[in-house]
K.L.:
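Once you've had a glance at the structure underneath, I'll fire off some questions.
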Amino acid sequence: MKKNVLTENKIKGSKGFYVALGISAVMIGAACLFAYGEGEKITESHLNAGINSPDTAVDKKYNNVPKSTTTAYVVAQIPTTTEPVITTAVQVQAETIPIEEIIIETPEEEFNEVVADIDPIEEVIAPEDDSVETVSPKLDNVKPPLADISNVLTDFSGTELVKNETTGSWQTHNGTDFSAEAGSEVYAISNGEVTSVKKDALWGITVTVDHHNGFISKYCNLAEDLSVQEGDNLVSGDVIGLVGQTADIESALEPHLHFEITHNSTFTDPMSIIR
């Protein structure tokens, strides 16, 4: 086959095409190598940075990794009212009441219960009666009104009621009855002045002696023959008269001397004075 210009040019053109294609392939390869190299650098830089970053690679294992915690939130309840609540502290001052002004009233039933619970060993002091003197003072140079006062018919009763054997009534006995034979001598128990000599409707012949120290002695149921009269000054042991039977209020009793003592107008047990 003969080569002509066209054929030669065609061959030459084909060679140029392949040359250009080879150059392009070389350039593409070089570009790929360059791109690969740059990619390796970028990847290495990212890997190096990932070691110190929280976002570590998933194919690496790390120990002591703290667990994630969830923050708890408390929802405060908001009052629905819009009005403010005001609390006021009030200081209360206690009033001190003097003890002498405190009066405690106790019902009678409770009082009786308290009295019933008192230990019998303890002494309960009853209110004093103005008509009877519980503690009697003493007279000077005292002598008994009779030679023998050992036989007592009726004791001094104070505020206690006793039965009168003559009248049958219950009454206080303000003196002491000493049994004695009729005609026995009766003596002044201490120095004093005779202030009264009379025949009493109830107590018969009666002599009263004032001892000028608050004491007054009275001798009743005497015989009519007396040894004294009103105004006489007596010495302890002087004879006043004799035992008789003139007291109608005690006529049921055997012969005796009814003897009384008062101190500042208060009846006193005669035995507490003459013993």
K.L.:
Indicate if Ile274 and Phe215 have the same hydrophobic cluster label, given that clusters are the connected sets of ILVMFWY residues with side-chain heavy-atom separations under 4.5 angstrom.
P.N.:
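Result: yes, single cluster for both.
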
K.L.:
Rounded to the nearest 0.5 Å, how far does OG of Ser272 lie from CD1 of Ile261?
P.N.:
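If we round to the nearest 0.5 Å, Ile261:CD1 and Ser272:OG are 7.0 Å apart.
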
K.L.:
Should Ile240 and Leu242 be counted in the same cluster of Ile, Leu, Val, Met, Phe, Trp and Tyr side chains packed under 4.5 Å apart?
P.N.:
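Hydrophobic grouping puts Ile240 apart from Leu242.
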
K.L.:
Between Ser179 and Glu254, does any side-chain donor sit less than 3.5 Å from a side-chain acceptor?
P.N.:
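A pair is found: one side chain offers a donor N or O, the other an acceptor, under 3.5 Å apart.
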
K.L.:
Apply side-chain contact (heavy atoms from CB on, under 4.5 Å) to the pair Gln171 and Ile249, showing each step before the final yes or no.
P.N.:
CA-CA 12 Å; Gln171 61 192 54; Ile249 196 172; 4.0 Å; yes

K.L.:
Quick check for you: to the nearest 0.5 Å, what is the distance between Asn191 atom CG and Lys143 atom NZ?
P.N.:
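With rounding to 0.5 Å, CG (Asn191) is 9.5 Å from NZ (Lys143).
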
K.L.:
Checking Asn221 side chain against His256 main chain: does a donor-acceptor pair fall under 3.5 Å?
P.N.:
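Yes; at least one donor-acceptor contact below 3.5 Å.
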
K.L.:
Give a yes or no on whether the backbone of Asp140 and the side-chain of Ser190 come within a donor-acceptor separation of less than 3.5 Å.
P.N.:
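Between the backbone of Asp140 and the side chain of Ser190 there is a qualifying donor-acceptor contact (under 3.5 Å).
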
K.L.:
Indicate the atoms forming the closest heavy-atom contact of Glu165 with Ala252, along with that distance.
P.N.:
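Looking at all heavy atoms of both residues, the closest pair is O-CB, 4.0 Å.
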
K.L.:
For the atom pair CD1 (Ile216) and CZ (Phe267), what is the distance rounded to the nearest 0.5 Å?
P.N.:
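So the CD1 of Ile216 and the CZ of Phe267 are separated by 10.5 Å.
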
K.L.:
Do any pairs count as a ring pair (Phe, Tyr, Trp, His ring centres under 6.0 Å) and have a residue in residues 217-244, sequence neighbours left out, and if so which ones?
P.N.:
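Every ring pair (Phe, Tyr, Trp, His ring centres under 6.0 Å) pair that includes a residue of residues 217-244, provided the two are not neighbours, is Tyr219-Phe259.
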
K.L.:
Going by side-chain hydrogen bond (donor to acceptor under 3.5 Å, both in side chains), name the residues that satisfy it together with Glu181, two or more places apart in sequence or in a different chain.
P.N.:
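Result, side-chain hydrogen bond (donor to acceptor under 3.5 Å, both in side chains) vs Glu181: none returned.
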
K.L.:
Please examine the side chains of Asp177 and Val152, heavy atoms only from C-beta on, and report whether any two atoms are closer than 4.5 Å.
P.N.:
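Contact flag for Val152/Asp177 side chains = no.
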
K.L.:
Can you check side-chain contact (heavy atoms from CB on, under 4.5 Å) on Leu146 and Val186, steps first, answer last?
P.N.:
CA-CA 5 Å; Leu146 293 170; Val186 178; 4.1 Å; yes

K.L.:
Under a 3.5 Å distance rule, please check whether Ser184 uses its side chain to pair with a backbone N or O of Val243 as donor and acceptor.
P.N.:
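Checked: no pair found.
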
K.L.:
Can you name the residues that form a side-chain hydrogen bond (donor to acceptor under 3.5 Å, both in side chains) with His211, not counting sequence neighbours?
P.N.:
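Partners of His211 under the side-chain hydrogen bond (donor to acceptor under 3.5 Å, both in side chains) test: Ser217.
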
K.L.:
Side-chain contact test, heavy atoms from C-beta onward, threshold under 4.5 Å: evaluate it for Leu253 versus Thr154 and give yes or no.
P.N.:
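In short, these two side chains touch, coming nearer than 4.5 Å.
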
K.L.:
Which residue pairs satisfy the ring pair (Phe, Tyr, Trp, His ring centres under 6.0 Å) criterion with at least one member in residues 158-195, sequence neighbours excluded?
P.N.:
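Sorted pair list: His173-His258.
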
K.L.:
Keeping the roles fixed (side chain from Asn164, backbone from Ser169), state whether a donor-acceptor pair exists under 3.5 Å.
P.N.:
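Looks like no, no N/O pair under 3.5 Å.
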
K.L.:
Say whether Val162 and Phe156 are linked into one hydrophobic cluster, either directly or through other cluster members, by side-chain heavy-atom distances under 4.5 angstrom.
P.N.:
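No; tracing contacts between hydrophobic side chains, which count when under 4.5 Å, never links both residues.
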
K.L.:
Please walk me through it: do Ile205 and Thr246 pass side-chain contact (heavy atoms from CB on, under 4.5 Å)?
P.N.:
CA-CA 6 Å; Ile205 304 299; Thr246 58; 4.0 Å; yes

K.L.:
Side-chain donor-acceptor pairs under 3.5 Å in residues 223-237, sequence neighbours left out?
P.N.:
| from | atom 1 | to | atom 2 | distance (Å) |
| --- | --- | --- | --- | --- |
| Asp232 | OD2 | Gln229 | N | 2.9 |
| Ser236 | OG | Asn141 | O | 2.6 |
| Ser236 | OG | Ile189 | O | 3.2 |

K.L.:
Tell me if a side-chain donor or acceptor on Thr268 pairs with a main-chain N or O of Thr266 at a distance below 3.5 Å.
P.N.:
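Checking the backbone N and O of Thr266 against the side chain of Thr268, a donor-acceptor pair under 3.5 Å is found.
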
K.L.:
Is there a chain of hydrophobic side chains (I, L, V, M, F, W, Y, each step under 4.5 Å between heavy atoms) that links Met271 to Leu139?
P.N.:
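Cluster IDs for Met271 and Leu139 match.
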
K.L.:
Report the distance from atom CG of Leu222 to atom CG of Leu257, rounding to the nearest 0.5 Å.
P.N.:
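Taking CG in Leu222 and CG in Leu257, the distance rounds to 6.5 Å.
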
K.L.:
Tell me which pairs pass side chain to side chain donor-acceptor pair (under 3.5 Å) where either residue lies in residues 192-204, with sequence neighbours left out.
P.N.:
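Matches after skipping sequence neighbours: Glu193-His212.
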
K.L.:
Please determine whether side-chain contact (heavy atoms from CB on, under 4.5 Å) holds for the pair Ile149 and Thr176, giving the CA-CA distance in whole Å, both sets of side-chain angles, and the decisive distance to 0.1 Å.
P.N.:
CA-CA 10 Å; Ile149 59 173; Thr176 301; over 6 Å; no

